Engineer: 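Sharing a structure, written as structure tokens. Questions coming.
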Amino acid sequence: MLFCRLLPTVFLLLSASVLTPCASAAAPKGAETSQTAPPEKAPGTPLQTKSDAQPAAGHIDSGAFLTAVVATHQGDDLDAARAFRAAAAADPTNQDLLKQAFIRSVLAGDPEAVPLARVTAKLPEGQSIISSLVLGNDATARGDWTEAARFYQQAGADPMAHLIMPLLQAWCQQAQHHADEAIASLTHIQGSVLVPFYTLHAAMIAQTAGQTARAGDLFAQAAKMMPGYDLLLTRSQAAWLWSQGQQDKARTLMRGMIEADPVLALAGAQLQSTISHFPVTSAQSGIARAYVLTAFLLRQQGRQQGRSQHPGPSDHQFDEASRLMLGFALGLDPHLAEARLMLAEIQDDEGHQTAARETLLRIPQTDPLYPVAAFRLALVDGSTGHLDEARTILAHLAQDTGGQGLAVRALGNTLSAQKDWKGAITAYNQAVTQATASKTLDWSLLFLRAVAYHEAGDWPRAKADLQQALKMAPDEPLLLNFLGYSMVERKENLGEAEALLRKAADLDPQDAAIRDSLGWVKVEQGDLAGGTALLERAAEQTPEDPEVNYHLGEAYWRAGRQSEAVDQWNVALGLHPEPTDEALIRAALARASAAGINKATQQQSAPPAESGPVKSGGKHTP
């Protein structure tokens with residue numbers, strides 16, 4: 001993530017109150033009458049209790065309930081919260097609906113979460129880490145630090161809250177003018193993976209309390225413990241150095257972080273222009289940062305859990321818990337860009353691009369991290385087919401950042417997706433020039449430019465880029481396949497092409513595109529038996545690839561299996577091939593018709609078969 005390079009290995013034991021899914025939110029009778037049945041579970045919804053197993057009888061607002069379920073699965077927490085509240089109001093005895101309304105209100109940052117927390121806390125087994133934190137945050141926002149500390153203490157028994165409880169309590173102490181006690185409580189902790197962060201927060205507490213010299217020492221200690229650049233620490237320490245008249249050191253520190261992270265480099269000018277600003281200046285802001293840290297830890301743990309084979313909470317459950325923490329952070333500091341960036345990332349990963357877009361749009365242009373948000377917004381737009389919007393954003397971003405490599409490269413990708421090959425080549429040229437100057441040129445950028453050259457009809461430049469890329473990554477199957485297949489297309493040195501494709505197949509033997517390429521080069525060299533076997537296997541793997549079906553038809557034709565060839569070409573034609581492939585297929589069918597294969601004429605005029613979507617550009621386009 002942008003704000004942290006430390007990847008803690010701690011396993012966070014998440015309480016059942018946070019991660020236990022609620023079984024269909026105690027689905028009311030009659031709700032199943034809809035033609036579209038609601039999902040079996042409303043995912044990631046906490047607070048299930050034993051009493052929830054038997055929903056109480058009462059009036060059911062099925063419309064509100066189904067609206068809530070749909071909104072939940074679309075990632076619209078605010079609509080889900082309102083709908084669950086309506087359903088709960090219609091059936092006030094149904095505790096599960098009330099708890100669902102509470103959780104969705106928390107996720108949406110809805111102020112109604114506070115009264116709902118008070119209500120749910122009074123239910124049997126209703127007191128939870130979430131209700132305690134919500135009430136603690138409400139007390140924090142009101143400046144009632146004694147009450148805030150009391151509620152936070154109630155949440156501290158939960159394993160998830162245990163690690164950040166020292167931060168919450170320390171900021172409550174600072175707000176009550178007990179900075180020395182707060183700093184001592186954080187700096188005396190030993191053996192925790194969070195010690196660098198405890199030290200950082202101790203430094204921010206010292207700075208907020210006016211203990212400038214002590215803050216500087218603590219910032220330096222935290223920096224020594226961090227394995228890389230941390231955004232919050234770097235900005236805080238740079239602001240401290242600036243306040244002490246050490247402007248050169250401050251700029252050098254900030255520059256080092258920016259140069260180490262190509263995404264942050266997009267916001268380099270803005271970060272440098274706000275270098276004198278301390279990111280945390282109050283206890284409320286400090287607590288918000290503690291929640292962002294918790295969300296980060298949960299997200300990292302979810303990824304580690306996903307990579308392991310051990311049973312445990314799912315990635316989705318970790319993401320739901322992360323979103324809760326980010327909701328707490330934004331409730332206390334609505335302008336916290338780091339929280340919005342992480343929230344949008346989670347929403348995007350969950351397939352809720354509309355919600356991610358709305359989250360990113362709420363980061364103002366005056367925020368130093370706005371260029372990062374704009375870049376993320378362009379990626380979301382690009383992934384959802386809004387290429388014109390993505391292109392506009394990236395063009396402005398590339399101009400505003402002076403042609404910064406990441407923005408220009410992304411612009412090239414967007415132009416390629418629009419098949420504006422000339423524009424893509426211009427963008428990639430700029431990205432290659434910058435990457436060469438900074439000694440960060442990698443094979444993938446050359447590959448992208450090679451694809452654009454290839455599609456634009458400039459094979460010599462495409463081939464040169466592919467050969468240079470292969471020098472950097474000689475065992476990259478994607479490069480080997482693209483270069484080898486492109487040579488086969490042009491019947492250029494087929495022996496060398498086959499050697500490239502054999503190597504690609506050895507490196508990635510299960511890849512259908514590589515198998516097709518190798519089969520096709522064999523057919524082109526007259527090995528019909530070997531080539532046909534490979535093409536048949538490729539067609540089994542990717543039955544909706546028109547290019548593979550065309551190749552297989554050509555292999556059948558050359559082997560004298562004319563009826564099978566025509567069948568295969570008709571299949572290929574019904575799969576909505578690219579214009580160049582369609583021309584080849586129609587030419588093959590015309591050849592069959594001229595040879596007296598009547599079946600070709602009949603099927604050629606038939607409407608294309610229905611099929612699923614085929615990736616634009618064919619199997620060799622990234």
Side-chain angles (χ1 to χ4, degrees), residues 1-8 10 12 14 18 44 75 77-78 106-109 133 137 160 163-164 167 194 197 200-201 226 228-236 257 261-264 266-267 271 279-280 285-306 313-364 367-380 383 406:
M1 290 304 298
L2 295 173
F3 50 87
C4 182
R5 296 288 171 229
L6 183 65
L7 302 181
V10 62
L12 297 176
L14 304 179
V18 175
D77 292 315
L78 185 58
V106 174
L107 287 169
L133 291 176
N137 294 342
M160 187 183 73
L163 289 174
I164 64 158
L167 299 176
L194 295 189
F197 297 101
L200 168 58
H201 278 257
M226 294 283 187
Y229 288 102
D230 174 84
L231 180 57
L232 179 58
L233 170 57
T234 302
R235 292 185 67 192
S236 299
M257 177 187 67
D261 190 323
V263 178
L264 275 184
L266 294 168
L271 289 169
V280 173
S285 178
I287 290 175
R289 297 284 182 164
Y291 283 128
V292 174
L293 171 62
T294 311
F296 168 75
L297 293 172
L298 287 166
R299 191 133 167 82
Q300 291 301 323
Q301 187 57 48
R303 289 171 174 173
Q304 291 176 15
Q305 183 75 21
S314 69
D315 287 354
H316 177 78
Q317 290 171 316
F318 278 106
D319 283 344
E320 285 281 273
S322 297
R323 290 206 295 127
L324 280 171
M325 296 300 109
L326 294 171
F328 291 154
L330 290 169
L332 294 171
D333 187 353
H335 304 296
L336 188 50
E338 290 93 323
R340 292 203 181 279
L341 286 168
M342 193 194 300
L343 177 58
E345 182 181 282
I346 294 173
Q347 291 167 329
D348 190 21
D349 287 350
E350 292 180 338
H352 300 144
Q353 281 76 28
T354 300
R357 199 173 195 280
E358 290 300 316
T359 297
L360 292 167
L361 286 172
R362 295 186 68 179
I363 298 177
D367 192 281
L369 292 177
Y370 172 76
V372 177
F375 179 71
R376 288 281 304 156
L377 181 61
L379 296 184
V380 170
S383 68
L406 196 62

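The analysis underlying the following values was restricted to heavy atoms, covering all of them including side chains, and did not include hydrogens, waters or symmetry mates. Model, not experiment: these values are computed from the prediction.
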Engineer: Side-chain contact test, heavy atoms from C-beta onward, threshold under 4.5 Å: evaluate it for Met257 versus Asp261 and give yes or no.
Structural biologist: no
Engineer: Return the CZ to CG distance between Arg289 and Leu200, rounded to the nearest 0.5 Å.
Structural biologist: 9.5 Å
Engineer: For Ala329 and Ala288, work out which heavy atoms get closest and say how close.
Structural biologist: CB-O, 3.4 Å
Engineer: I need the minimum non-hydrogen distance between Leu332 and Asn137, along with the two atoms involved.
Structural biologist: CD2-O, 3.7 Å
Engineer: If a pair satisfies salt bridge (charged side-chain N to carboxylate O under 4.0 Å, His left out) and one of its residues is in residues 324-333, list it, with sequence neighbours excluded.
Structural biologist: none
Engineer: Establish, from distance only, whether the side-chain atoms of Gln353 and Ser383 form a donor-acceptor pair under 3.5 Å.
Structural biologist: no
Engineer: Would you name the heavy atoms of Gly286 and His201 that are closest together and state the gap between them?
Structural biologist: O-CE1, 3.6 Å
Engineer: Kindly indicate whether the side chain of Leu360, heavy atoms from C-beta on, has any atom under 4.5 Å from the side chain of Leu341.
Structural biologist: yes
Engineer: Within the structure provided, determine whether Leu232 and Glu338 are in side-chain contact (heavy-atom separation under 4.5 Å).
Structural biologist: no
Engineer: Got a second to check how far Leu167's CG is from Ile287's CD1, nearest 0.5 Å?
Structural biologist: 9.5 Å
Engineer: With Thr359, which of His352, Glu345, Gln347, Arg340 fulfils side-chain hydrogen bond (donor to acceptor under 3.5 Å, both in side chains)?
Structural biologist: Gln347
Engineer: Are Met226 and Phe197 packed together at the side-chain level, in the sense that at least one heavy-atom pair is separated by less than 4.5 angstrom?
Structural biologist: yes
Engineer: Is the shortest distance from a Lys or Arg side-chain nitrogen in Asp349 or Arg299 to a carboxylate oxygen in the other one below 4.0 Å?
Structural biologist: yes
Engineer: What's the shortest heavy-atom distance between Asp367 and Ile363, and which atoms?
Structural biologist: CB-CG2, 4.0 Å
Engineer: Answer yes or no: is there a side-chain heavy-atom contact under 4.5 Å between Leu379 and Phe375?
Structural biologist: yes
Engineer: Taking the side chain as C-beta and beyond, is there a heavy-atom pair between Met342 and Met325 under 4.5 Å?
Structural biologist: no
Engineer: Quick one: closest heavy-atom pair of Ala344 and Ala356, and the distance?
Structural biologist: O-CB, 3.5 Å
Engineer: Run Ile164 and Tyr291 through side chain to side chain contact (heavy atoms under 4.5 Å, CB included) and show every step you take.
Structural biologist: CA-CA 8 Å; Ile164 64 158; Tyr291 283 128; 4.1 Å; yes
Engineer: Could you grab the distance from atom CG of Asp348 to atom OG1 of Thr354, nearest 0.5 Å is fine?
Structural biologist: 10.5 Å
Engineer: State, yes or no, whether a side-chain contact exists between Leu298 and Leu324 at a heavy-atom distance under 4.5 Å.
Structural biologist: no
Engineer: Glu320 vs Leu107, test: side chain to side chain contact (heavy atoms under 4.5 Å, CB included). Steps then yes/no.
Structural biologist: CA-CA 9 Å; Glu320 285 281 273; Leu107 287 169; 4.2 Å; yes
Engineer: Could you walk me through whether Thr234 and Leu271 pass side chain to side chain contact (heavy atoms under 4.5 Å, CB included), step by step?
Structural biologist: CA-CA 11 Å; Thr234 302; Leu271 289 169; over 6 Å; no
Engineer: Could you walk me through whether Glu358 and Leu361 pass the side chain to side chain contact (heavy atoms under 4.5 Å, CB included) check?
Structural biologist: CA-CA 5 Å; Glu358 290 300 316; Leu361 286 172; 4.3 Å; yes
Engineer: For Pro262 and Leu406, which heavy atoms make the closest approach, and how far apart are they?
Structural biologist: O-CD2, 3.8 Å
